[in-house]
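As structure tokens, the structure follows; a few thoughts come after it.
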Amino acid sequence: MTITAPHPTTAPLVADRLCKSFAQGVEHPVQALDDVSVHIRPGQSVSVMGPSGSGKSTLLHLLAGIIRPDSGQVRLGADPVSVASDAVRSRLRRTWFGFVFQDGQLLAELTAAENVALPLMLNGCRRPAAVAHATAWLHRLGLAGLETRRPGQMSGGQAQRVAVARALVHSPAVVMADEPTGALDTATGAQVMQLLTEATAQAGASLLVVTHDQGVAAWCQRHLVILDGRLESDSGGAR
Ligand code: ADP
Ligand code: MG
């Protein structure tokens, strides 16, 4: 299967009746997600809230093709994310999705610029061009001067801003952030959310943010609540 061209920043991300359970001992499979459908418009920012264990990360992982549903489907435009082979799914992920995790997950032995350059190099960009492009992104996100620092030489907020640059550097269609401010204080978290929402909007990408924090969710245009694996509420399903 080939990936549809051109780049699908105008394509919605659509989940149709997703179900996913995990085996936790043979007798007790956990239904992590139960019949969840959602249609995310291009450029839309969406928060995903709900108690711990309710299925938020599972939804994100299904939408990004990291895992496959037991039933139901995920599509980005015309391209089936959920039914593709492992190899195609990982290519879709590298090409169309950017990720920000709770603790940045930057590679400790690489500099900030090298960390940001990685998604480009994984997509076949040569190192000098990738590092130059990454450096431009660091400057754009207010991180000039930090290019050669390693993650251990940065504050938590700086590291998360580098993670934002890394999530956007390859012009993804969708940015997924799982508890992106979970390790930050409120003020630093707000700065990171402002940067994340503005930079994602400027790039024309849609944004999904899993969070426990109402203040973090408030940066998004639309709000989903997941409870016991079901979509409990959706502030903007029709938008
Ligand atoms: P949340 O992100 O809302 O905290 P998760 O989506 O991580 O919730 O998990 C939902 C449910 O699925 C939980 O009961 C969790 O224990 C279970 N679960 C998630 N991933 C796995 C896995 N890889 N193996 C077994 N159980 C899992
Ligand atoms: Mg989670």
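Counting convention: from 1, in listed order, for ligands and their atoms alike. Heavy atoms only: backbone and side chains are in, while hydrogens, waters and symmetry mates are out.
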Requested in this report: Assess whether atom CG of Asn123 is packed by more than 12 heavy atoms of other residues, nucleotides or ligands within 6.0 Å.
Outcome: yes
Query - Side chains of Asp228 and Ser54, donor plus acceptor under 3.5 Å - result: no
Report task. Establish whether Phe101 and Val46 are linked, either directly or via other cluster members, by ILVMFWY side-chain heavy-atom contacts under 4.5 Å. Result -> yes
Report task. For atom 12 (O) of ligand 1, grab the closest protein heavy atom and report residue, atom and distance to one decimal in Å. Result -> Ala32 CB, 3.3 Å
Query raised in the report: How far is atom 19 (C) of ligand 1 from its nearest protein heavy atom, and which residue and atom is that?
Result: Phe22 CE1, 3.4 Å
Query raised in the report: Looking at atom 9 (O) of ligand 1, what's its closest protein heavy atom, distance included?
Result: Thr58 OG1, 3.8 Å
Report task. Could you check atom 7 (O) of ligand 1 against the protein and tell me its nearest heavy-atom contact, residue, atom and distance included? Result -> Ser57 CB, 3.7 Å
Requested in this report: Could you tell me whether any N, O or S atom belonging to Ser52 is less than 2.8 Å from the Mg ion (ligand 2)?
Outcome: no
Report task. Return the residue, atom name and 0.1 Å-rounded distance of the protein heavy atom closest to atom 14 (O) of ligand 1. Result -> Val30 CG1, 3.5 Å
Query raised in the report: Just by distance, do the side chain of Gln153 and the backbone of Arg150 share a donor-acceptor pair under 3.5 Å?
Result: yes
Requested in this report: With atom 13 (C) of ligand 1 as the reference point, say which of Ser54, Gly53, Gly50 has the nearest heavy atom.
Outcome: Gly53
**Report entry** Over all atoms of both residues, closest heavy-atom pair of Leu107 and Pro151
**Finding:** O-CG, 3.5 Å
Report task. For Ser52, counting its heavy atoms only, list the atoms of ligand 1 lying under 4.0 Å from any of them. Result -> 4 (O)
Requested in this report: Identify the protein heavy atom lying closest to atom 8 (O) of ligand 1, giving its residue, its atom name and the separation to 0.1 Å.
Outcome: Gly55 N, 3.2 Å
Query raised in the report: Counting each atom of ligand 1 from 1 as listed, which ones have a heavy atom of Gln24 under 4.0 Å away?
Result: 16 (O), 17 (C), 25 (C), 26 (N), 27 (C)
Query raised in the report: Given side chains that start at C-beta, do those of Arg94 and His170 come closer than 4.5 Å, heavy atoms only?
Result: no
Query raised in the report: Strictly under 4.0 Å, does any heavy atom of Pro51 approach an atom of ligand 1?
Result: yes
Query raised in the report: Shared ILVMFWY cluster between Val36 and Leu227, side chains joined below 4.5 angstrom?
Result: no
